[in-house]
Amino acid sequence: MFRQTAGQAAQKQRAEEIATAALGFIAANEDRLNGFFMATGLSPDEIRSAAAKPGFLASVLQHVLSDEESAAGFAAENGLSPEDLQRAAFQLGIRWD
């Protein structure tokens, strides 16, 4: 059975923190929030239950990363580099071909 090292667990936790901050970034702007709802098919009433499901934080971060302007704004607002966002995405299972 595969066990995470302490370092791997810390990296995953940091990635989840970044994705949670990305959700706050989305929610802080009505246009971004409406875009997220349209892209995911979620409604405001469904977001709380969706947030408890595996993969939700990955979808949040992927949504922010799907728009270069949003990704740059989020990174700047949170003192993150593009590499920080890429590492977080990788930790959450997002892969690009």
Side-chain angles (χ1 to χ4, degrees):
M1 179 177 201
F2 175 74
R3 290 182 168 226
Q4 283 187 330
T5 66
Q8 290 168 325
Q11 290 173 349
K12 174 112 190 228
Q13 181 178 355
R14 178 66 180 139
E16 290 172 350
E17 290 168 355
I18 290 171
T20 299
L23 181 58
F25 176 78
I26 291 169
N29 178 283
E30 189 174 340
D31 289 336
R32 285 193 298 255
L33 186 58
N34 287 332
F36 179 73
F37 286 141
M38 289 190 67
T40 62
L42 293 172
S43 71
D45 295 334
E46 297 170 317
I47 195 136
R48 190 175 302 272
S49 64
K53 294 182 181 173
F56 177 77
L57 288 177
S59 70
V60 168
L61 190 54
Q62 189 166 25
H63 179 75
V64 169
L65 290 170
S66 71
D67 177 67
E68 196 171 313
E69 187 177 324
S70 289
F74 170 67
E77 194 173 289
N78 288 277
L80 300 168
S81 70
E83 292 79 18
D84 293 331
L85 298 182
Q86 294 296 323
R87 276 192 295 276
F90 183 82
Q91 285 296 318
L92 295 175
I94 300 170
R95 305 291 188 265
W96 292 271
D97 294 331

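No experiment lies behind these values; they were computed from the predicted model shown. Throughout, numbering of the chain's residues begins at 1 and tracks the sequence. Keep in mind that the numbers below use all heavy atoms, side chains included, and drop hydrogens, waters and symmetry copies.
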For [X], which residues count as a side chain to side chain contact (heavy atoms under 4.5 Å, CB included) partner, sequence neighbours excluded?
{"X": "A50", "answer": "L42, F56"}
{"X": "E83", "answer": "S81, R87"}
{"X": "Q62", "answer": "I94"}

Subject >> Contact summary for L61 and A89, nearest pair of heavy atoms >> reply: CD2-N, 3.6 Å

**OP:** Of all the heavy-atom pairs spanning A88 and A15, show the shortest one and how long it is.
**Re:** O-CB, 3.6 Å

**OP:** Would you mind listing every side chain to side chain donor-acceptor pair (under 3.5 Å) that reaches into residues 24-40, with sequence neighbours excluded?
**Re:** none

Original post:
What residue pairs, at least two apart or across chains, pass side chain to side chain donor-acceptor pair (under 3.5 Å) with a residue in residues 46-55?
Top reply: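 Sorted result for residues 46-55: S43-E46.
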
Original post:
Heavy-atom distance under 4.5 Å between the side chains of F37 and I47, does that happen here?
Top reply: yes

**OP:** Apply side chain to side chain contact (heavy atoms under 4.5 Å, CB included) to the pair F36 and V60, showing each step before the final yes or no.
**Re:** CA-CA 8 Å; F36 179 73; V60 168; 3.8 Å; yes

**OP:** For S70, check side-chain hydrogen bond (donor to acceptor under 3.5 Å, both in side chains) against everything at least two apart and list the hits.
**Re:**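 With sequence neighbours excluded, S70 shows a side-chain hydrogen bond (donor to acceptor under 3.5 Å, both in side chains) to D67, given in chain and number order.
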
**OP:** Name all residues meeting the side-chain hydrogen bond (donor to acceptor under 3.5 Å, both in side chains) criterion together with Q11; count only those two or more places apart in sequence or in a different chain, and write none if there are none.
**Re:** Q91

Without placing hydrogens or testing angles, list every side-chain donor-acceptor pair under 3.5 Å for residues 16-27, not counting sequence neighbours.
from: E17; atom 1: OE2; to: Q13; atom 2: NE2; distance (Å): 3.4
from: T20; atom 1: OG1; to: E16; atom 2: O; distance (Å): 2.8

